[in-house]
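Hydrogens, waters and symmetry mates are skipped; everything else that's a heavy atom, side chains included, is used. Note that this is a predicted model, so its numbers are computed, not measured.
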Amino acid sequence: LSPESLGAEAASLRDNEAFQAALNKMRTDALDKLAATDPAKTNDIIRQQAIVAVVDELRSNLEQFIRSGKAPKPAGIA
């Protein structure tokens, strides 16, 4: 995919309400479970932290693809 196509696809995912709702649910569920997890259960804690990190990184990558796919603005005349 070209940077422009990748940016357009990323924007489509960013603007897709069902996709965003799924990501929001994943993140919220993981944070709720993290808050309720016994501190001694480190594997469970790491798993919930990983889910939050993946959702955050996915959103960050989408925004990066969108920025990279935008054509540079022409210089203005001063």
Neighbour count above 12 (heavy atom, 6.0 Å) for Arg47 CZ: no
Does any N or O in the side chain of Ser12 come within less than 3.5 Å of the main-chain N or O of Ala8, such that one atom is a donor and the other an acceptor? no
Please answer: with hydrophobic residues joined when any side-chain heavy atoms are less than 4.5 Å apart, are Val55 and Leu62 in the same cluster? yes
Any Lys/Arg nitrogen of Arg27 or Asp56 sitting under 4.0 Å from an Asp/Glu carboxylate oxygen of the other? yes
Taking all non-hydrogen atoms of both residues into account, name the closest pair between Ser68 and Pro3 and its distance. O-CB, 3.9 Å
Backbone N or O of Gln20 within a donor-acceptor pair of the Asn24 side chain at under 3.5 Å? yes
Go through it in stages, so that I can follow the logic: the residues are Leu34 and Ile45, the test is side-chain contact (heavy atoms from CB on, under 4.5 Å), and I'd like the CA-CA distance, side-chain angles, deciding distance and then a yes or no. CA-CA 6 Å; Leu34 186 59; Ile45 291 170; 3.7 Å; yes
Take Asp44 and Gln48 through the test side-chain contact (heavy atoms from CB on, under 4.5 Å) and record every step on the way to the result. CA-CA 6 Å; Asp44 292 345; Gln48 300 312 317; 5.6 Å; no
Interatomic spacing from CD in Glu57 to CD in Gln64 - rounded to 0.5 Å: 8.5 Å
Smallest heavy-atom separation, Lys25 atom then Asp29 atom, equals NZ-OD2, 2.6 Å
Here the pair of heavy atoms bringing Ile66 nearest to Ala10 is CG1-CB, 3.7 Å
Can you check side-chain contact (heavy atoms from CB on, under 4.5 Å) on Phe65 and Leu1, steps first, answer last? CA-CA 11 Å; Phe65 293 153; Leu1 289 171; over 6 Å; no
Would you say that Leu58 contacts Leu23 through its side chain, given a criterion of any heavy-atom pair below 4.5 Å between the two side chains? yes
